[in-house]
Structures are given as structure tokens and as C-alpha cells.
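Just the heavy atoms: all of them, side chains too, but no hydrogens, waters or symmetry mates, feed the values below.
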Number of protein chains: 4
Amino acid sequence: MKYGYHEHKDDVLARLRRVEGQVRGLQRMVERDEYCIDILTQVAAASKALQSVAVRLLDEHLRHCVTAAAAPDQEGSQAKVEEATRAIERLLRS
Amino acid sequence: MKYGYHEHKDDVLARLRRVEGQVRGLQRMVERDEYCIDILTQVAAASKALQSVAVRLLDEHLRHCVTAAAAPDQEGSQAKVEEATRAIERLLRS
Amino acid sequence: MKYGYHEHKDDVLARLRRVEGQVRGLQRMVERDEYCIDILTQVAAASKALQSVAVRLLDEHLRHCVTAAAAPDQEGSQAKVEEATRAIERLLRS
Amino acid sequence: MKYGYHEHKDDVLARLRRVEGQVRGLQRMVERDEYCIDILTQVAAASKALQSVAVRLLDEHLRHCVTAAAAPDQEGSQAKVEEATRAIERLLRS
């Protein structure tokens, strides 16, 4: 089965690769004993990039929910919203 | 027109009143020169309570989107998802 | 005893009163059945305002820690940093 | 010069390597078309791990500030607190 983000898989993967690069960059900064505040600034940037991947995935997921709800068999679409809300809650706490 | 949270208006209002009480409690703590870290702990609690109001409203809103999408006239439901995603994004940045 | 935020008490109180006003505004929006996304935008604004009170208090607290550490009796200043870090952690999770 | 996190460099590096592993795991999940909500749960976990690196770095940094302030030459320690507060603010917004 294909999920909502399928069409944008390349974009999501590209973003995740960039986050991976940022996290490797952070390791180099620590290895080179760079200044703590500069490292923290980069942690905030990586964290922001990761959250934007989440927002992208959520957007696709919600579109998919809505499209699925419009189909004859909409069983489970309320459960899907419930699930999405829990995911948003976890992100807000992370 | 009635929006998604209409049925749970009383619950949402009760939560908001509780947050208002927490914020007033914070003012009293500051007036009485209470310890900074204790005040910060209460700020975190009020902030958490406010986020949980947001999650509640989002949940109702998304259910409403999905229900609306299942109706014959689903025009604008993708725009509604877009709008919801932006709202989630603002919450994650707040 | 006077804590770090003492000199800026009026500013902190003014900010908290503004947050209280925002939370009361939210209650009015819900009572008038305003649009969910508009309410969420205001929740994000109130949440941001609350976080900025926290940042203000933390700033004063940390200055106080540093000043106290420079004094002859610096006992407990490491414990104070520990405490501040836990407070920051709670804010990041809220 | 050695910064505050120097003694705990290995711990910070180990945490960052773990986050890198989590981000690579996310890429595999997307490549295998895994379920969006499961991916979001992992994004929240990676984001939490990254924030805990930040908290660790901040803790070391603040200890360092306090220790430096206790030294005869405490010039710039208030500026350091200012800088730390800005870093905390960026993390809260990320």
C-alpha cells in the first residue's frame, strides 16, 4: 500500500539526508572543540529541520485522510484523525 | 455556522478558565517574590495546559474536515488541511 | 530574600497580565463560536508570550547565579545550575 | 581553549551518533513506504534525543559560566549569560 507521502518521497528523503548531514556536522563541531553556543545554534537548526519534515509528513497524511473519507468506505477515518492528533501531541512534547 | 469544537465548547472553556487561573497564580507568585525556579515550573505547567487546549481544538477541527470531505460538496477540504497544517506549524514554533 | 527577577518585577507582571488578557480573549472567541484556526493562531501567540516570560525569568536567574558564584560564599552555585537546567528541560517539553 | 562540554565530549558524541542513527532509520522507513504515523513517532523520538543533547551542552556551559564568574577575572560573564539565554530562546522556538 502507498501512503500519503509517497509522491513526495524524494523530497522527504532529501530533507532527511540534509538533517543527517547537520547531525554529522554537529559531531565534527564537538570533535574540534568548537564553542558551545555555536553548537547549540546548530542543534536548534537541525531540530527545526526535523520538525519541518514532520510537518510535511503530517500535511500529506491529513490530505490522505480527507481524501479517504470522501471515498465510499470511510470506515476508520475518525480513528485516523485520532491517530494524527496523538502524533501532533507527541511532536509538541518533543 | 457551528465549528468542530462546538459540542465540546464547555470543555474547551473550562480548560481555558483553568489556564487563566494558572496565569493569575503566576502573577501572585511574582508579587510575593517566590523562587524563580518554582515560577518557571508553573510557567511550564500553564504552557502545557495551553498546548493541550490547542490539541483538543485541532482534533475537533480535523474530525470536522474529514466529515466535511465525506459530504457531496468537498470543495475546499484540501485548503482546510493546508490551513490546519499551518496552524500545527505555528504551534510547533510557539 | 530577593530573587534575580526582583528588579524587573513590574515588567514580568505586565507580561503576565497581557498573557491573562490573551487567555480571556481566547475564552471570548470560543464563546462567540469563532473559527477554530483563528483560535489556534491566538493559542500559539499566548503560548509564545508565556515562553518569553520564562526566558526573561531564566535570564535573570542565570545572571543571579553567576553573580552569586563570584561572591565569597559560592556554595550551592553548581546545584543552582543543575536546577536551572532542569527548568529549561521542563520548558522544552512543555 | 577547552569549553565546558570538553570532559563529556565522548558522551555528547555518543548521543549525536545515536541521533544520526535515528535519522538514517527514518530514511529507511520512508524508502520502505512505512506508515506515516510510525515515521512521525520516530521523528518525535529523534527530536527529543536532539533536545537532550542541547540540554546537556547547556548544562555544561552554564556550569562553566558560573565557575568562570568565581575566578578573579569575571569580565564578560554577564555577556555569557545573555548569550546562553539567546541560545535557550532559539531552542524553545525550534
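- From B:L26, atom CG reaches atom CZ of C:R15 across 14.0 Å, with rounding to the nearest 0.5 Å.
- In this structure the side chain of B:I37 reaches within 4.5 angstrom of the side chain of C:H61, judged on heavy atoms.
- The CG atom of B:L91 lies 10.0 Å from the NZ atom of C:K48; values are rounded to the nearest 0.5 Å.
- Going from atom CD of B:Q22 over to atom CG of C:L50 covers 9.0 Å, rounded to the nearest 0.5 Å.
- Going from atom CG of B:L40 over to atom CG of C:L58 covers 5.0 Å, rounded to the nearest 0.5 Å.
- With a threshold of 4.5 angstrom between heavy atoms, C:E83 approaches chain B through its backbone and through its side chain.
- The parts of B:E31 that come within reach of chain C are both its backbone and its side chain, each placing non-hydrogen atoms under 4.5 angstrom from that chain.
- Between C:K9 and B:D33 there is a side-chain heavy-atom pair separated by less than 4.5 Å.
- A 4.5 Å side-chain heavy-atom check between B:T41 and C:R90 finds at least one atom pair inside the cut-off.
- Contact annotation for B:A87: only side-chain heavy atoms (C-beta onward) come within less than 4.5 Å of a heavy atom of chain C.
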Q: Show your reasoning for whether side chain to side chain contact (heavy atoms under 4.5 Å, CB included) applies to C:Q51 and B:S47.
A: CA-CA 8 Å; C:Q51 296 273 6; B:S47 180; 3.6 Å; yes
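- Residue B:E20 holds its CD atom at 5.0 Å from CZ of C:R24, rounded to the nearest 0.5 Å.
- For the residue pair B:L57 and C:C36, the shortest heavy atom distance occurs at O-SG, 3.5 Å.
- Contacts between C:R17 and chain B at a heavy-atom distance below 4.5 Å involve backbone atoms as well as side-chain atoms.
- For chain B, the nearby part of C:V12 is the side chain; its heavy atoms alone come within less than 4.5 Å.
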